[in-house]
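Taking it in order: structure first as structure tokens, then the write-up.
None of these values were measured; they are calculated from a predicted model.
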Amino acid sequence: SPSLTFRCPLPSPVPRRYTNSGFRQFAAAVRASVSLQSLTLAGELALPLLQLKGTGAAVAPRDDASVVSRDRTAPAASKTLDLSSQDLDPLAGILIGALVSQHTSLTELSLHNNGNLGPEGARVIVDRLHAGTLRTLDLNSVVPVLPAGTTPPAQLKKQADRLTSLCTSIGRLTALEKLTLDKNSL
């Protein structure tokens, strides 16, 4: 069957109105789709939807905007998912979180080197992971460095609260054996 792709270019920076329940409804619709196989939100990353849902075979991350083609009758779901260095942001985190919520056999997830994802985007994804199956989580370089001495106290407090929420979410992953948090502004 042919691959179906949807491009959804978002303005940069993404306005706050895109992070409301409307985008969560969009993510739920993408999750429910049986024919949509890849989605490009912004930039060049075509998200491999079948792999994120756990219904398609492994697909290596791509550096171009080409379509990720998967036969809907792909053999087994991949147990590992590498989304490293893909310039993911909190909005992508909402979509990825909605999709991985269906992936019941995911044992390894790498989100490293996605500094724009931040603690909030990482938390949204971690909250939706199946706590009893994920064994390895790489969150290396996902929390951006805030400039020392020039960051307002309110922004530092907000960052600290988001980090606390992320740590709480990580704490519920009962099967987790390896957690990587290097090179983050903690």
Legend entry - Derivation of the side-chain contact (heavy atoms from CB on, under 4.5 Å) call for L117 and D89: CA-CA 4 Å; L117 186 61; D89 60 18; 6.0 Å; no

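Considering NZ of K79 and OG of S105, their distance stands at 6.0 Å, rounded to 0.5 Å. Note that CG of L47 is 12.0 Å distant from NZ of K53, once rounded to the nearest 0.5 Å. Atom-to-atom distance recorded for L163:CG and N184:CG is 8.0 Å, nearest 0.5 angstrom. The distance from atom CG of L129 to atom CD1 of I170, rounded to the nearest 0.5 Å, is 10.0 Å. The structure places CZ of R31 at 14.0 Å from CD1 of I96, a figure rounded to the nearest 0.5 Å. Taken to the nearest 0.5 Å, the CZ atom of F26 stands 5.0 Å off from the CG atom of L39.
Contact between G97 and R128 at its shortest, heavy atoms only, is O-CB, 3.0 Å. Taking both residues in full, the closest heavy atoms of T133 and A175 are given as N-CB, 4.0 Å, listed atom of the first, atom of the second, then distance. When all heavy atoms of G132 and T174 are compared, the closest pair comes out as CA-OG1, 3.8 Å. The heavy-atom pair separating L88 from L111 by the smallest distance is CD1-CD2, 4.0 Å.
Residues N113 and S84 bring no donor and acceptor atom of their side chains to less than 3.5 Å of each other.
In this structure a side-chain-to-backbone donor-acceptor pair under 3.5 Å is missing from S33 to A29. Judged purely by atom type and a 3.5 angstrom limit, H130 uses its side chain to pair as donor or acceptor with the backbone of S101. The main-chain N or O of L81 is never found under 3.5 Å from a side-chain atom of H103 such that the two would form a donor-acceptor pair.
Among pairs with a residue in residues 96-122, those fulfilling salt bridge (charged side-chain N to carboxylate O under 4.0 Å, His left out) read E120-R123, at least two apart in sequence or across chains.
Residues V126 and L179 share a hydrophobic cluster, clusters being chains of Ile/Leu/Val/Met/Phe/Trp/Tyr side chains in contact below 4.5 Å.
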Please report, to 0.1 Å, the donor-acceptor pairs under 3.5 Å made by any side chain of residues 134-150, with sequence neighbours excluded.
from : atom 1 : to   : atom 2 : distance (Å)
D138 : OD1    : N140 : N      : 2.9
D138 : OD2    : H112 : ND1    : 3.1
S141 : OG     : K183 : O      : 3.4

